[in-house]
Amino acid sequence: MILVDQYEHADEAGQTERFDFYLRHLGRVNNWDLVDASAYQIVGAHLLERDRKLLVRLAKSKAMWERRVAIVSTYAFIKAGES
């Protein structure tokens, strides 16, 4: 939740830094709560105005948590009014 708060209050460079940090540490994710409370607020929010190829790669991953990040991240698009 600290990382989510930092992401939300950072400038664009700071957001990219936290997004990259989040992705580098996905291997440490080990429960639903970590993904569900952060993926859409960091990954989804970051990709709203960017290329979303990363989500396809994550969705095809053998790692369950990476697939979950791909799914939950799309909630940011729904909240933004995308259909």
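The shown structure was predicted, so the numbers you read here are calculated from the model rather than taken from an experiment.
- Lys53 contributes atom NZ, which lies 14.5 Å from atom CG of Leu58 (distance to the nearest 0.5 angstrom).
- Here the side chain of Arg68 pairs no donor or acceptor atom with the backbone of Val35 at under 3.5 angstrom.
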>> Apply side-chain contact (heavy atoms from CB on, under 4.5 Å) to residues Val29 and Leu26 and explain how you reach the verdict.
In response: CA-CA 5 Å; Val29 173; Leu26 274 182; 4.0 Å; yes

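- Between Ile71 and Thr74, the shortest heavy-atom distance links the atoms O-OG1, 2.6 Å.
- Considering only heavy atoms from C-beta on, Ile42 stays 4.5 Å or farther from Glu8 through its side chain.
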>> Does Gln41 form a side-chain contact (heavy atoms from CB on, under 4.5 Å) with Tyr22? I'd like the steps, not just the answer.
In response: CA-CA 11 Å; Gln41 293 172 297; Tyr22 186 90; over 6 Å; no

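- Taking the charged nitrogens against the carboxylate oxygens, Glu66 and Arg28 have no contact shorter than 4.0 Å, which rules out a salt bridge.
- Leu34 and Leu3 fall within a single hydrophobic cluster, where Ile, Leu, Val, Met, Phe, Trp and Tyr side chains are chained together by heavy-atom contacts under 4.5 Å.
- For the side-chain contact (heavy atoms from CB on, under 4.5 Å) criterion with Asp20, the lone passing option out of Glu17, Arg24, Arg18 is Arg24.
- Heavy atoms only, all atoms of each residue included: Ala70 and Ala59 are closest at CB-N, 3.6 Å.
- Distance OG/Ser61 to CH2/Trp65: 12.5 Å, rounded to 0.5 Å.
- Panel note: side chain Arg67, backbone Lys62; a donor-acceptor pair is recorded below 3.5 Å.
- Among Val43, Leu54, Leu55, the single residue meeting the side-chain contact (heavy atoms from CB on, under 4.5 Å) criterion with Val69 is Val43.
- For residues 33-54, the set of pairs meeting the ring-ring contact (aromatic ring centres under 6.0 Å, His included) definition, not counting sequence neighbours, comprises Tyr7-His46, Phe19-His46, Tyr40-Tyr75.
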> Where do Glu82 and Ile78 land on the side-chain contact (heavy atoms from CB on, under 4.5 Å) test, with the steps shown first?
Replying inline: CA-CA 5 Å; Glu82 292 186 25; Ile78 295 166; over 6 Å; no

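- Atom OG of Ser73 sits about 10.0 Å away from atom CG of Leu48, to the nearest 0.5 Å.
- The shortest non-hydrogen separation linking Gly44 to Ala76 is C-CB, 3.5 Å.
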